[in-house]
2 protein chains.
Amino acid sequence: MLHLPDRCRAVGGVLSRIGDKWSVLVVMQLSGGPKRFSALKRSIGSVSQRMLTLTLRGLERDGLVLRTVTPTVPPRVDYELTELGHSLRQPVEALGGWAMENYRRIEAAQKAFDEVREEGGG
Amino acid sequence: MLHLPDRCRAVGGVLSRIGDKWSVLVVMQLSGGPKRFSALKRSIGSVSQRMLTLTLRGLERDGLVLRTVTPTVPPRVDYELTELGHSLRQPVEALGGWAMENYRRIEAAQKAFDEVREEGGG
DNA sequence: CTGCATCCTAGGGGATACTG
DNA sequence: CAGTATCCCCTAGGATGCAG
């Protein structure tokens, strides 16, 4: 096993790209196959059009998502994961699994922390 | 395998907490055992004192880091991962592994994307 | 339908100075 | 040494309107 500092920087780089508000959601939504812009927007729901566009551009630029334009009227644009995009699913889902298993513990810790703070502060 | 939407939200929540600029770095730095504030700051290097403090508070609140104050003069504060904090290492390192394996591919994709953009735009 | 440009606000995060 | 408070900048990101 290589020592950690290298991985740290690598993780830092990855997180600064996919650690934004929407990238991971989009990748997950594209797990099942291609989706067009509006379908993607609907399936995520709370994302603004602007941010979905920007997020998809970013993912496309990173080579994680492939954008296919069908120049009809009205235009149709499909997005799908590249092989690289699919390979990201595994570690992301590992993180998702961890989150699922532990978010209750985290919430409990936050609650406890905040209560102690209140007592100490008030 | 459970379907994805649940995991999506969980990942979203986790990423919004540890997806900031420093949390993961701090967790990785604490992998080897307890460290005091200044050692942590030195080992990360580029972090500001303010952000290190805020990051550690956040991690402590989430129950990922334990803070131990030794009220000497000058004061000494040690930070260490909790069990929960240690459990986060595994998925994070998985992500780190992915990043290590693929960041060159990502950089290449970005370069290609940008060059096409230049041609198209100029 | 898809995407860009614009405006605008909240918050992240750096530098610095001060406290205990 | 560790932490807080202040100032300030910059970017993420929402709302909206226009264009292909």
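Here is the naming used below: chain letters follow the sequence lines, and residue numbers restart at 1 for every chain. Just so we're clear, the structure is a prediction, and the values are computed from it rather than from any experiment. Just so it is clear, the values below take in all heavy atoms, side chains as well, and ignore hydrogens, waters and symmetry mates.
If you check dG14(C), dG3(C), dG13(D) against the side chain of K21(B), the one that comes closest is dG14(C). If you check dC1(C), dG14(C), dC1(D) against the side chain of S38(A), the one that comes closest is dC1(C). Considering only side-chain atoms of R36(B), the nucleotide from dT4(D), dG3(C), dA2(D) that sits closest is dA2(D).
Across the protein-nucleic acid pair, L25(B) atom CG and dG13(C) atom P stand 12 Å apart, rounded to whole Å. Counting to the nearest Å, the C1' atom of dA2(D) and the CG atom of D78(B) are 12 Å from each other. Rounded to a whole Å, the CZ atom of R17(A) is 13 Å from the C1' atom of dA12(D). In this structure, CG of L52(B) is placed 14 Å from C1' of dG14(C), rounded to the nearest angstrom. In this structure, L54(A) atom CG and dG3(C) atom C1' are separated by 10 Å, rounded to whole Å. The distance between atom NZ of K41(B) and atom P of dG3(D), rounded to the nearest whole Å, is 13 Å. Atom CZ in R42(A) sits roughly 11 Å away from atom C1' in dC1(C) (whole-Å rounding). Whole-Å rounding puts the I44(B) CD1 to dG14(C) P distance at 11 Å.
Between dA2(D) and R67(B), no contact under 4.0 Å exists linking OP1 or OP2 to a side-chain N or O. For Y79(A), no side-chain nitrogen or oxygen approaches OP1 or OP2 of dC1(C) to under 4.0 Å.
Within the 4.5 Å cutoff, no side-chain heavy atoms of S48(A) are placed close to those of W22(A). Counting only heavy atoms from C-beta outward, the side chains of Q29(A) and K35(A) approach each other to under 4.5 Å. In this structure the side chain of W98(A) never reaches within 4.5 angstrom of the side chain of Q90(B), judged on heavy atoms. Within the 4.5 Å cutoff, side-chain heavy atoms of D62(A) are placed close to those of Q110(B). Residues V26(B) and L59(B) are in side-chain contact: their nearest non-hydrogen atoms beyond the backbone lie under 4.5 Å apart.
Transitive grouping of hydrophobic side chains (ILVMFWY, heavy atoms separated by less than 4.5 Å) keeps L56(B) and F113(A) in distinct clusters.
When each of N102(A), L95(A), I106(A) is tested with L88(B) by the rule side chain to side chain contact (heavy atoms under 4.5 Å, CB included), just one qualifies, namely L95(A).
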Inset, instruction - Using a 4.0 Å heavy-atom cut-off, write out nucleotides 15-20 of chain D from 5' to 3' as B (base contacted by protein), S (sugar-phosphate only) or - (no contact). - result: B-B--B

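Contact detail for L52(A) and V47(A): the closest heavy-atom pair is N-CG2, 3.7 Å.
For the helix from dC1(C)-dG20(D) to dG20(C)-dC1(D), the rotation axes defined at the first and last 5 base pairs enclose an angle of 40°, given to the nearest 10°.
More than 12 heavy atoms of other residues, nucleotides or ligands sit less than 6.0 Å from atom CD of E107(B).
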